[in-house]
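Below is one structure, written out as structure tokens; comments come after it.
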Amino acid sequence: MEHLKQKILREGKVLPGNVLKVDSFLNHQIDPVLMQHIGEEFAMSFTETGVTKILTLESSGIAPAMMTGLKLGVPVVFARKRKSLTLIDHLYSAKVYSYTKNETSEISASKDYISNEDVVLIMDDFLANGQAVLGLLEIVEQAGASLAGVGIVIEKGFQDGGRIVRERGIRLKALTTITSLTDGNVTFKEEQ
Ligand code: 5GP
């Protein structure tokens with residue numbers, strides 16, 4: 001996705017620890033026009049799979065998931081990273097380890113919004129070591145729902161997440177794949 005690549009090249013900042021900061025359009029300030037294009041791209045990729053629900057993780061997965069949900073005409077559920085006062089039980093939950101934060105958190109989503117009749121598209125902003133996606137997958141499994149696939153805005157191809165997800169036979173669509181962040185430079189996988 002050329003628009004996304006150009007945005008990453010112009011505005012992305014490489015931080016120590018192989019972290020890409022994209023706060024100017026995805027993780028803090030949000031570019032709605034880019035999100036619209038992102039939503040259209042994911043909707044096109046997954047329209048044949050019969051998605052009934054999108055499941056993402058707060059907070060940075062919500063914007064791309066919303067635009068995809070709008071295009072596909074399906075609701076978006078975001079798993080919470082913190083316990084909510086109004087969401088105490090009747091929950092699916094999974095543990096997610098974050099390498100960037102070096103901490104494990106418990107993500108959860110209400111049983112009211114995902115059932116065994118759903119076909120779920122999992123979405124997130126980044127795929128790195130795959131822990132967030134595996135946690136969301138666990139929620140889909142707990143619900144007994146079917147999986148349409150996984151949609152990722154930026155895959156860090158030099159980390160293991162993509163391999164782990166593909167090896168499970170899951171359909172994975174990454175809009176852009178970064179092969180290296182060495183020396184502050186972003187390198188993309190060619191064919192995207
Ligand atoms: P994973 O669970 O695949 O290791 O990491 C994915 C999660 O960590 C995403 O939800 C994302 O929020 C965060 N993350 C991982 N790598 C990066 C990165 O380079 N930049 C940003 N902004 N977030 C990242």
Side-chain angles (χ1 to χ4, degrees), residues 1 4-31 34-35 38-39 42 54-69 76-82 92-109 120-141 147 149-189 192:
M1 233 196 119
L4 174 62
K5 269 191 192 173
Q6 290 310 320
K7 213 57 185 167
I8 293 171
L9 286 173
R10 273 201 309 269
E11 300 176 23
K13 292 188 178 65
V14 181
L15 303 184
N18 275 330
V19 171
L20 179 65
K21 184 171 171 164
V22 286
D23 277 12
S24 68
F25 62 91
L26 181 59
N27 290 150
H28 191 21
Q29 175 171 257
I30 293 169
D31 179 337
L34 176 62
M35 290 309 131
I38 285 173
F42 281 127
I54 297 174
L55 175 65
T56 188
L57 191 55
E58 67 172 351
S59 54
S60 297
I62 296 175
M66 259 297 290
M67 297 314 283
T68 308
V76 175
V77 178
F78 62 90
R80 293 180 189 263
K81 289 178 181 164
R82 285 162 294 272
Y92 305 117
S93 64
K95 291 208 171 11
V96 172
Y97 177 71
S98 163
Y99 286 91
T100 38
K101 292 183 188 147
N102 189 24
E103 65 183 26
T104 300
S105 60
E106 189 165 23
I107 63 167
S108 53
V120 178
L121 170 60
I122 288 176
M123 289 186 62
D124 205 5
D125 56 344
F126 278 86
L127 177 63
N129 291 295
Q131 298 301 301
V133 166
L134 290 179
L136 292 169
L137 265 173
E138 220 176 297
I139 287 178
V140 172
E141 279 162 16
L147 183 71
V150 174
I152 296 292
V153 180
I154 303 172
E155 177 185 353
K156 291 159 85 183
F158 53 90
Q159 291 178 259
D160 277 342
R163 183 183 55 75
I164 292 168
V165 173
R166 290 184 182 95
E167 275 180 6
R168 291 186 169 209
I170 293 167
R171 174 174 179 170
L172 171 63
K173 166 83 178 171
L175 296 188
T176 185
T177 302
I178 288 169
T179 53
S180 153
L181 291 173
T182 308
D183 298 330
N185 296 314
V186 183
T187 311
F188 295 101
K189 190 171 160 193
Q192 286 173 317

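Along the sequence shown, residues are numbered consecutively beginning with 1. When a ligand or atom number is given, it counts from 1 through the structure's own listing order.
Distance CG/Leu55 to CG/Leu136: 5.0 Å, rounded to 0.5 Å.
Electrostatic pairing of Lys81 and Glu106 does not count as a salt bridge here, judged by no charged N lying under 4.0 Å from a carboxylate O. Ion pairing between a basic and an acidic side chain is recognised when a charged N comes within 4.0 Å of a carboxylate O; Arg163 and Glu155 show no such pairing.
Under the rule for a side chain to side chain donor-acceptor pair (under 3.5 Å), Ser59 has no partner lying at least two apart in sequence or in another chain.
Within the 4.5 Å cutoff, the side chain of Thr176 has no heavy atoms near those of the Val153 side chain. Between Phe158 and Thr182 there is no side-chain heavy-atom pair separated by less than 4.5 Å.
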Distances under 3.5 Å, N/O of ligand 1 against N/O of the protein: list each pair and its distance.
{"from": "ligand 1", "atom 1": "2 (O)", "to": "Gln131", "atom 2": "N", "distance (Å)": "3.1"}
{"from": "ligand 1", "atom 1": "2 (O)", "to": "Ala132", "atom 2": "N", "distance (Å)": "2.8"}
{"from": "ligand 1", "atom 1": "3 (O)", "to": "Ala128", "atom 2": "N", "distance (Å)": "2.8"}
{"from": "ligand 1", "atom 1": "3 (O)", "to": "Asn129", "atom 2": "N", "distance (Å)": "3.1"}
{"from": "ligand 1", "atom 1": "3 (O)", "to": "Gly130", "atom 2": "N", "distance (Å)": "2.7"}
{"from": "ligand 1", "atom 1": "4 (O)", "to": "Asn129", "atom 2": "N", "distance (Å)": "2.8"}
{"from": "ligand 1", "atom 1": "10 (O)", "to": "Asp124", "atom 2": "OD2", "distance (Å)": "2.7"}
{"from": "ligand 1", "atom 1": "10 (O)", "to": "Asp125", "atom 2": "OD1", "distance (Å)": "3.4"}
{"from": "ligand 1", "atom 1": "12 (O)", "to": "Asp125", "atom 2": "OD1", "distance (Å)": "3.4"}
{"from": "ligand 1", "atom 1": "16 (N)", "to": "Lys156", "atom 2": "NZ", "distance (Å)": "3.0"}
{"from": "ligand 1", "atom 1": "19 (O)", "to": "Leu20", "atom 2": "N", "distance (Å)": "2.8"}
{"from": "ligand 1", "atom 1": "19 (O)", "to": "Lys156", "atom 2": "NZ", "distance (Å)": "2.8"}
{"from": "ligand 1", "atom 1": "20 (N)", "to": "Leu20", "atom 2": "O", "distance (Å)": "2.7"}
{"from": "ligand 1", "atom 1": "22 (N)", "to": "Leu20", "atom 2": "O", "distance (Å)": "3.2"}
{"from": "ligand 1", "atom 1": "22 (N)", "to": "Asn27", "atom 2": "OD1", "distance (Å)": "2.8"}

